[in-house]
Amino acid sequence: MAYFPEVSKIRYEGNKSTNALAFKYYNPEEIVLGKTMAEQLRFAVSYWHTFTLPGSDPFGLANMIRPWDGYTGLDLAKKRVEAAFEFFDKLGVQYFCFHDRDIAPEADTLRETNRNLDVIVSMIKDYMKTSGVKVLWNTQNMFSNPRFAHGAATSPDADVFAFSAAQVKKSLEIALEVGSESYVFWGGREGYETLLNTDMKLELDNQARLLHMACDYADEIGFKGQFLIEPKPKEPTKHQYDFDAATTISFLQTYGLADRFKLNIEANHATLAGHTFQHELRVSRIHGMLGSVDANQGDPLLGWDTDEFPTNLYDTTLAMYEILLNGGLHSGGLNFDAKVRRASMTPEDLFYSHIVGMDSFARGLKVAAKLLEDRVFEDAIAERYQSYTTGIGKDIVDGKATLASLEEYVIDKPVSMAKSGRQEVLLAKLNQYLLEVE
Ligand code: XLS
Ligand code: NI
Ligand code: NI
C-alpha cells in the first residue's frame, strides 16, 4: 500500500470517537430497514474529483499535492489506477464512477486515444477482479476538449456530432467490459449562450438522435445497465437543455426515450435550478424516474456548481427519505460528485472529505428510516388529503365528477379553508428525530 501510507483502513468507531480517520455514523454492516447500510447507501467515489482534477480554478493554478505528481501520460494514468484502488480499499467503498477522459490521456486521433483507454481499462478490470470494487456508472467527457466549444450532440458542426457519437460508442463498449451498473449522460455543453445564433429545434432533435443511437448500440452489444440523464440548468453554458428533472422528463417523453432512461439527480444542480435537492428527488420519484444520485452540496452564497462534500444533515435526511420511498436506488447509488476545497490540498483531505460525506448520509439514512417507520409525515399527509378518500373527493379521484356535478354539489354550500398545514409542527418533529434517533 504505497500511495497513502499515513492512512490505514477507515473503521467505524461510533459517535464518541475523536479519530478524524474513523466513521462516526457509517457502520457498513449495520442493518437499517432490512438491509445493511452499505447496501442502502451504495457509495461511489468519483474518479475525476478524487484522482484527476488538480485544483485549478478560473483564478488559480493546479495546487493539489498528490502521490502521483511528477508522472505524465499513460504512466500517470496507471499510477492513478493503483492509487484509486488503494483508496477504495482503505475507505471501504464498493463503487466508483468515471469519464473516459478521467482515466486515460487523449491523443491526436480518436484511434490512439481509444488505444490508451484499452490499456487502462484492462488494468482497471484486473484491479476490479482482485478487489471486488465495481463501476456504478461511467460516462463520456464531451465538454473539455476545445472541439466541444459549441456543444457535442448539439454542435452546429456535423463532424463534432460524429466525433461525439464515436466517443459514446467507445464508452458504451467500456461500460459493457467493466460491467457498469448504470451509464450517465450529462449534457456538458449541450445548451446555448445566445439564441441569436441557435437553431434550438435542430439541437434538441440532434440530442435525442444521439441518445436513440446509444440505445440501439447498447442493444446491439448487449449492454444492460440503466441509462441515466443528469439534469443541470446552467454552467458551463448559460442555458443547459436538461435544465431540471421536470424539463428532462418532458424531453425524454417528447422523444420517445422515457422507457430507457432514468435521472441522476445532483444536489448542487438542484439548487442551481432554484429547487431543493428534495424537490428534484421527489419529481423524479413520483414519475418513476429516480435512478441515481450525485451526492454533493452547493453553497447558498455562491451561484455556481461548487461540488462540496455533503454535510448538511437536513438535506441528507430528506434525500434519504425520498430514496427510501423510492424503494432504494436499485442499480444507482450515492456518487460523491464532490471535491475538497482548493485549500484542502493534502492527500489526507481526500479521506476526511469522504468520511464526512459518508457519515452525513449514514445519519440521514437512520433518521429517515425512523421517520418512515413512525409515519411522521405519512400520517400528516394522509390526514391533510383525507377529503379525497370519500364522498365528492372520491368521485373526483375516480373520474366520476364533472363540472356540472361539482357545481351542483357546491352551489349552495359555504366553502372555506381554515385547516392548518401544521408546517412548524412537522419541522419541530424533524429536528427532534435528527437529534434523538439512536
Ligand atoms: C458536472 C456534472 C458531471 C457529471 C458527469 O457538473 O456533475 O460531473 O456528473 O459528467
Ligand atoms: Ni454530477
Ligand atoms: Ni455538478
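Start at 1 and go down the list; that is how both ligands and their atoms are numbered. Residue numbers run from 1 in the order of the sequence given. Given the structure is predicted, the values throughout are model-derived calculations rather than measurements.
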Please determine whether a side-chain nitrogen of the Lys or Arg among K201 and D205 lies less than 4.0 Å from a carboxylate oxygen of the Asp or Glu.
yes

Using only N, O or S atoms, tell me which atom of E266 is closest to the Ni ion (ligand 3).
OE2

Among N, O or S atoms, D305 approaches the Ni ion (ligand 3) most closely through OD2

For this output row, return yes or no: ring centroids of F309 and F361 closer than 6.0 angstrom.
no

Report, rounded to 10°, the angle at the Ni ion (ligand 2) between the two atoms OD2 (D337) and OE2 (E230).
160°

With the criterion set at N/O pairs under 3.5 Å, what does the list of contacts between the protein and ligand 1 look like, atom names and distances included?
residue: ligand 1; atom: 6 (O); partner: K232; partner atom: NZ; Å: 2.9
residue: ligand 1; atom: 6 (O); partner: H269; partner atom: NE2; Å: 3.1
residue: ligand 1; atom: 6 (O); partner: D305; partner atom: OD2; Å: 2.9
residue: ligand 1; atom: 7 (O); partner: E230; partner atom: OE2; Å: 2.7
residue: ligand 1; atom: 7 (O); partner: E266; partner atom: OE1; Å: 2.7
residue: ligand 1; atom: 7 (O); partner: H269; partner atom: NE2; Å: 3.3
residue: ligand 1; atom: 7 (O); partner: D337; partner atom: OD2; Å: 2.8
residue: ligand 1; atom: 8 (O); partner: D337; partner atom: OD2; Å: 3.0
residue: ligand 1; atom: 9 (O); partner: E230; partner atom: OE1; Å: 2.7
residue: ligand 1; atom: 9 (O); partner: E230; partner atom: OE2; Å: 2.8
residue: ligand 1; atom: 9 (O); partner: D294; partner atom: OD2; Å: 2.9
residue: ligand 1; atom: 9 (O); partner: D337; partner atom: OD2; Å: 2.8
residue: ligand 1; atom: 10 (O); partner: H99; partner atom: NE2; Å: 2.7

Y127 ring center within less than 6.0 Å of F88 ring center
no

Which of these passes ring-ring contact (aromatic ring centres under 6.0 Å, His included) with Y321: F377, Y433, F277?
F377

Salt bridge between K78 and E82, side-chain N to carboxylate O under 4.0 Å?
no

Can the ring centres of F43 and H354 be said to be less than 6.0 Å apart?
no

NZ/K9: more than 12 non-hydrogen atoms of other groups inside 6.0 Å
yes

Non-hydrogen side-chain atoms of E373 and L33 separated by less than 4.5 Å:
yes

Please find out if the Ni ion (ligand 2) and some N, O or S atom of D294 are separated by less than 2.8 Å.
yes

